Amino acid sequence: MKTPATVIFGLVCFALISLTGCDTGDRKVTLRLKYRPGMKLVYEQTTKRTTRITAGDSLIEQSGHFYDANVTFNIISLDEDGVAEVLDSTTWSYEVADSANPGKMKQVNRTRVSTQFIQPDGRCVDLGLSPNENIATVSWLKSYFEQGMPVFPEGELSPGYSWTQTTKVMLPDETLDASTTYTIKSIAREAGYDCAVIEFDGNMIIPVVETEVDNCSREGYDEIKISGVTYFAYKEGIVVIERQGWQVLGHRRKKCDGIVDRYQINSRSDLEFTLTRFEKP
């Protein structure tokens, strides 16, 4: 990504979809995750992304990619406060230029395993990743989970209800606000589930901590505009479908042998996350 291919990693949201023809205007729903030990959810995720890297007025690189991922959530345990331990195994593939065969592409497969501790209201209270992950990836994902995962309000809610989540983000030279607004648009039937349809729109600001590769250090931050819709099966307490659009402006500072260069990463991503299997304990 759930960018971020991982953007993709660790989803929490609500529900929506087209009306079935009956009047649902007075219906109220409670938005809570209902994870139970032994539960398994399998999702298919697709991501289309275009990227431009520029320095000043110069185009350095331009590319387009399609990612196809399989995401499996295994619910391991539930503590006395209802916090679920979720093992997230995400495998994705993409094509890159084959350095051994100029002009040809080769497929690359990757797997990331994380452990998320998630409250019934959707808040991720802790995130564990493999010790093999670099510090920049771990830091980026933790910031994403803090800013990008909705926290459900208490009580019964009707279509038209909205709320905004705001996070203070500390950058080296300033403090900025990242906020996302969520709106329950309707109640609908989708893929065999009664869903709450929730639209969201906002921004994230994610710091990129300094890392060194090949005697060069890189750091910066990402400004991300995000919008989309989630179909949340409120009876089962699970996400059925989620669609997201990301517009990313990445600010980077690269230092090699005392020479500092600055560049920007502009990317557009469209993601779709669809439940393909739901196994109850």
Side-chain angles (χ1 to χ4, degrees), residues 1-17 31 33 43-53 64-67 69 71 88 90 92 112 114 116 118 121-124 127 136-137 139-153 161-171 175-185 195-208 220-232 239-252 264-275:
M1 104 220 109
K2 41 143 162 175
T3 45
T6 56
V7 150
I8 330 135
F9 316 118
L11 274 167
V12 173
C13 292
F14 337 136
L16 327 99
I17 243 180
L31 302 176
L33 293 173
Y43 293 88
E44 179 182 274
Q45 178 180 304
T46 58
T47 305
K48 296 179 181 178
R49 177 180 301 156
T50 57
T51 303
R52 288 168 52 90
I53 301 176
H65 294 285
F66 176 82
Y67 300 88
V71 182
D88 173 356
T90 301
W92 70 98
R112 172 175 288 122
S114 68
Q116 303 157 21
I118 304 176
D121 65 2
R123 186 187 301 276
C124 181
L127 173 67
T137 299
S139 175
W140 199 100
L141 287 175
K142 286 185 175 180
S143 293
Y144 167 73
F145 271 78
E146 179 183 5
Q147 298 179 38
M149 294 182 69
V151 179
F152 304 147
Y161 182 89
S162 67
W163 72 98
T164 300
Q165 294 176 199
T166 301
T167 304
K168 294 284 186 183
V169 182
M170 305 290 291
L171 297 176
T175 299
L176 301 174
D177 285 338
S179 66
T180 300
T181 297
Y182 302 88
T183 302
I184 303 175
K185 301 298 290 186
C195 292
V197 181
I198 298 168
E199 293 182 356
F200 52 91
D201 186 83
N203 74 300
M204 295 183 287
I205 301 169
I206 301 186
V208 177
Y221 65 96
D222 289 331
E223 296 180 85
I224 303 172
K225 294 181 179 179
I226 184 171
S227 62
V229 62
T230 303
Y231 301 78
F232 185 77
V239 173
V240 175
I241 297 174
E242 181 161 295
R243 299 186 183 98
Q244 298 182 3
W246 289 45
Q247 187 69 48
V248 181
L249 176 59
H251 304 268
R252 295 293 185 272
Q264 292 185 325
I265 303 171
N266 291 269
S267 71
R268 168 71 194 185
S269 298
D270 293 296
L271 304 85
E272 182 159 333
F273 192 76
T274 305
L275 180 69

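No hydrogens, no waters, no symmetry mates; every other heavy atom, side chains included, goes into these values. What you see is a predicted model, and the numbers here were worked out from it, not measured in a lab.
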Counting C-beta onward and ignoring hydrogens, is there a side-chain heavy-atom pair between [X] and [Y] closer than 4.5 Å?
| X | Y | result |
| --- | --- | --- |
| Y182 | T230 | no |
| E223 | N203 | no |
| I265 | V248 | no |
| I224 | Q147 | no |
| T90 | V71 | yes |
| D222 | R252 | yes |
| S139 | P207 | no |
| H251 | L171 | no |

Item checked: Sole candidate of R49, Q247, H65, Q244 that passes side-chain hydrogen bond (donor to acceptor under 3.5 Å, both in side chains) when paired with S269 ->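 Considering R49, Q247, H65, Q244, a side-chain hydrogen bond (donor to acceptor under 3.5 Å, both in side chains) with S269 is found only for R49.
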Hey, what do you get for [atom1] ([X]) to [atom2] ([Y]), rounding to the nearest 0.5 Å?
| X | Y | atom1 | atom2 | answer |
| --- | --- | --- | --- | --- |
| E272 | K48 | CD | NZ | 9.5 Å |
| L271 | T47 | CG | OG1 | 4.0 Å |
| N266 | T51 | CG | OG1 | 9.0 Å |
| S227 | R243 | OG | CZ | 12.5 Å |
| D121 | F152 | CG | CZ | 8.0 Å |
| I206 | Y221 | CD1 | OH | 13.0 Å |

Check: How are the rings of W140 and Y144 set relative to one another: parallel (under 30°), tilted (30 to 60°) or perpendicular (over 60°)?
Finding: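 Because their plane-to-plane angle is under 30°, the rings of W140 and Y144 count as parallel.
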Check: What class does the angle between the rings of Y43 and F273 fall in, given that below 30° is parallel, 30 to 60° is tilted and above 60° is perpendicular?
Finding: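 The rings of Y43 and F273 lie parallel, inter-plane angle below 30°.
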Considering all heavy atoms, the nearest [X]-[Y] contact:
| X | Y | value |
| --- | --- | --- |
| L33 | G122 | CD1-CA, 3.9 Å |
| V229 | F200 | N-CE2, 3.4 Å |
| S162 | T181 | CB-CG2, 4.5 Å |
| T166 | S179 | OG1-CB, 3.4 Å |
| M149 | C124 | SD-CB, 3.6 Å |

Next item on the list: Dump the intermediate steps for side-chain contact (heavy atoms from CB on, under 4.5 Å) on D177 and K168, then the final yes or no.
Entry: CA-CA 5 Å; D177 285 338; K168 294 284 186 183; 2.9 Å; yes
Note to self: Could you check whether any side-chain N or O of Q165 sits under 3.5 Å from a backbone N or O of V151, counting only pairs where one atom can act as donor and the other as acceptor?
What the structure shows: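 Checked: pair present.
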Margin query: Between Q264 (side chain only) and L249 (backbone N and O only), is there a donor and an acceptor less than 3.5 Å apart?
Written below: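 Checked: no pair found.
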